[in-house]
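The structure appears below as structure tokens.
Note that ligands are numbered from 1 as they come in the structure, with each ligand's atoms numbered from 1 the same way.
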Amino acid sequence: MIGVACDHGGFNLKNEIIKYLENNNIEYKDYGTYSTDAVDYPIYARKVAEDVSNNILEKGILVCGTGIGVSIVANKVKGIRAAHCHDVFSAKATREHNDANILAIGERVVGVGLALEIVETFLNTPFSNEERHKRRIEMIEG
Ligand code: RB5
């Protein structure tokens with residue numbers, strides 16, 4: 001199950017991502033927000049991050065205006081490796097090298113076409129499982 005959340009700045013892109021997930025029969029849970037009324041992004045980002053951390057969700061996708069706020073929030077939750085990606089190369093690399101479990105995107109930064117390619121790459125790229133990457137990920141939690 002993929003958790004998806006946004007603030008008002010990410011609402012339109014979240015809807016496009018949900019359409020993509022539905023078209024591809026990918027199970028998801030929508031954590032809001034559900035309109036473009038202004039809200040506080042930490043509330044939404046934290047809910048998804050906590051559910052990923054507690055293994056209720058396999059991965060999360062967070063959208064705000066820049067993708068920055070939601071990534072900062074998510075990365076404060078134990079076990080979260082949130083990757084702020086606006087290109088396909090980074091989305092692939094962060095799965096292979098960092099085993100990133102949350103993708104953060106900014107609706108005001110990238111177009112829908114690129115955003116959906118980033119989402120697709122993030123969801124379909126497995127972790128490399130290489131020893132050096134496993135060791136480095138273990139070192140993140142300290
Ligand atoms: C909202 O205006 C904006 O600050 C928010 O969506 C996000 O970009 C914060 O990092």
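Between V70 and D7 there is no side-chain heavy-atom pair separated by less than 4.5 Å. The side-chain heavy atoms of C6 and L13, taken from C-beta on, include no pair separated by under 4.5 Å. K14 has its side chain out of reach of T33: every pair of non-hydrogen atoms, C-beta onward, lies at least 4.5 Å apart. Residues Y20 and I61 form no side-chain contact, since every pair of their non-hydrogen atoms from C-beta on lies 4.5 Å or further apart.
The ligand atoms of ligand 1 that sit less than 4.0 angstrom from a heavy atom of D7 are 1 (C), 5 (C), 6 (O). Applying the 4.0 Å criterion to heavy atoms of C64 picks out, from ligand 1, the atoms 6 (O), 7 (C), 8 (O), 9 (C), 10 (O). Of all atoms in ligand 1, listed by their number and element, those nearer than 4.0 Å to a heavy atom of Y41 are 9 (C). In summary, the atoms of ligand 1 found under 4.0 Å from a heavy atom of G65, numbered by their order in the structure, are 5 (C), 6 (O), 7 (C), 8 (O).
Protein heavy atoms all stay at least 4.0 Å away from atom 4 (O) of ligand 1.
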Chi angles and distances behind the side-chain contact (heavy atoms from CB on, under 4.5 Å) call for F127, R95
CA-CA 5 Å; F127 176 51; R95 286 290 311 128; 4.2 Å; yes

Would R135 and E138 count as a salt bridge (charged side-chain N to carboxylate O under 4.0 Å, His left out) here? Give the steps.
CA-CA 5 Å; R135 180 182 71 243; E138 276 167 27; over 6 Å; no

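The residues K19 and E22 are annotated as not salt-bridged, no charged nitrogen and carboxylate oxygen being separated by less than 4.0 angstrom.
For atom 2 (O) of ligand 1, the closest non-hydrogen atom on the protein side is R108 NH1, 3.3 Å.
Looking at ligand 1, you won't find any N or O of G67 less than 3.5 Å from one of its N or O atoms. Ligand 1 has no nitrogen or oxygen under 3.5 angstrom from a nitrogen or oxygen of I68.
Heavy atoms of H8 approach ligand 1 to within less than 4.0 angstrom.
The closest non-hydrogen atom to atom 10 (O) of ligand 1, taken over G69, A38, S71, A104, comes from G69.
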